[in-house]
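Scroll down for the structure; my scribbles are underneath it.
Quick note: numbers below take in every heavy atom, side chains included, and nothing from hydrogens, waters or symmetry partners.
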Amino acid sequence: MAIVVGFFYDYMLYFVIRDITYLLKPISGLLLGYQLFHKSIKNPFQFVAYAGVAIASYHLILIGYGFIFEGARNVREIRQYAGYFNDFEIYTLILLIFRDKFNLEFSKRKSIIFLTILAISSFFYLARTNFIQFVILIMAIKGLFVLNKRALIVITTVVILVISSYTAIYYYNPVRNGKGVDEFLYKIKVAPSEAFSTKINRDDWKQFHDNYRSYENIRTIQQLSHNSTLLFGEGIGSQVDLKQKVYLGDMDLRYISILHNGYMTVLLKTGFLGLLIYLYSIFFFFRRNTYSDPHLINIHHLFIGTGVFLIISNWVFMGFYNLIDTKILLIGFLFAYKHHLIKSGKQ
């Protein structure tokens, strides 16, 4: 759709090619993950666990390098040298926590070592989305997204705990660029306004910085409304005019092709019609479970958790469209494993 719509505009070839690579990323990731599975793998979940532990071990080395050799002492510096987030490690951590469900044949000692490596590594990404993902996947494996009395009680309890924790952080009033965990707590404090503000004063640099992701959304809607392109979007190669230069990554940019918000990125390229298709691809993960095989049930629960998390992560972190997203490989791998189980007669 984005390519077809793009034919009606005259965009620079560079931005057209770059957009194609961005929009192909989820497809290529799924295909690659699917090909990583092979029926000769004795224990697929164990295969995934080893991969996750290897990635986490490398991350811990990067943390050590940043801390010892580069003098990293705060959240921003640690993440600069070691990485901003990693979905794959969170999935692996969940597999190890529920190792009995996923038939992980590790000794108790090895399980504890692997859990420790993954837990420490996952924590030091200091990514809000990873913490949310962790809670969502635990609830999914527990079957708490199948609505019943027990699920409603647990979900209500979690919501109350989240609101209470946020209230405590808000009144603690952590400061910007504070010491220790203050910087991380400040990011939690501003999270609601960062993603959902509808009016931002560009002349107030603090407000603009704290709510920048919302500003991208506001400008996208304003531009599409002004150009009457909300239905089909503006196609491959289109950009949002931020009305001022913003330091992003290592460049000052006024025009951006890809936004932090995955929904808005799809809306910009393909309009509401493309957004509906994208939402369908997310709700595909919520298809009704008709299986009795425990492996298929557990994969189904992981898919439900993935769908719930994608609804949230697309709003703040581009979902599958984030270039450093790794869970797409695992999802492709699990699709292949699920297909293999069904072909083997397990239902």
Check this for me: [X], atom [atom1], are more than 12 non-hydrogen atoms of other residues, nucleotides or ligands nearer than 6.0 Å?
{"X": "K101", "atom1": "NZ", "answer": "no"}
{"X": "I3", "atom1": "CD1", "answer": "no"}
{"X": "Y212", "atom1": "OH", "answer": "yes"}
{"X": "R254", "atom1": "CZ", "answer": "yes"}
{"X": "Y166", "atom1": "OH", "answer": "yes"}
{"X": "N201", "atom1": "CG", "answer": "yes"}

When the ring centroid of [X] is compared with that of [Y], is the distance short of 6.0 Å?
{"X": "F333", "Y": "F37", "value": "yes"}
{"X": "F114", "Y": "F106", "value": "yes"}
{"X": "Y91", "Y": "F88", "value": "no"}

On the 0 to 90° scale, with breaks at 30° and 60°, tag the [X]-[Y] ring pair as parallel, tilted or perpendicular.
{"X": "Y337", "Y": "F45", "answer": "perpendicular"}
{"X": "H339", "Y": "Y34", "answer": "tilted"}
{"X": "Y9", "Y": "Y11", "answer": "parallel"}

Run Y321 and N314 through side chain to side chain donor-acceptor pair (under 3.5 Å) and show every step you take.
CA-CA 8 Å; Y321 284 109; N314 267 288; over 6 Å; no
I need the minimum non-hydrogen distance between P26 and Y22, along with the two atoms involved.
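Reported closest heavy-atom pair: CD-O, 3.7 Å.
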Any side-chain to backbone donor/acceptor pair from R18 onto F15? Under 3.5 Å, distance only.
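The answer is no, because no donor-acceptor pair under 3.5 Å joins these two groups.
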Test your reading of the model: is there a side-chain donor-acceptor pair from R79 to the backbone of Y84, 3.5 Å cut-off?
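Yes: the side chain of R79 pairs with the backbone of Y84.
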Should Y263 and N217 be marked as a side chain to side chain donor-acceptor pair (under 3.5 Å) after you check the CA-CA gap, both sets of side-chain angles, and the distance that decides it?
CA-CA 9 Å; Y263 300 124; N217 301 338; over 6 Å; no
Check this for me: does any side-chain nitrogen of one of K327 and D87 sit under 4.0 Å from a carboxylate oxygen of the other?
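Salt bridge between K327 and D87, a charged N being under 4.0 Å from a carboxylate O: yes.
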Under 3.5 Å, is there a donor on one side chain and an acceptor on the other for [X] and [Y]?
{"X": "E234", "Y": "N227", "answer": "yes"}
{"X": "E77", "Y": "Y81", "answer": "no"}
{"X": "E89", "Y": "Y125", "answer": "yes"}
{"X": "N173", "Y": "K189", "answer": "yes"}

Qualifying residue for side-chain contact (heavy atoms from CB on, under 4.5 Å) with I94, from L118, I141, I136
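The side-chain contact (heavy atoms from CB on, under 4.5 Å) with I94 is passed solely by I141 among L118, I141, I136.
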How long is the span from the CD1 atom in I304 to the CE atom in M139, to the nearest 0.5 Å?
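If I round to the nearest 0.5 Å, the distance is 12.0 Å.
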Among F286, Y280, F285, the one residue meeting ring-ring contact (aromatic ring centres under 6.0 Å, His included) with F283:
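Per the ring-ring contact (aromatic ring centres under 6.0 Å, His included) rule, the option paired with F283 is F286, out of F286, Y280, F285.
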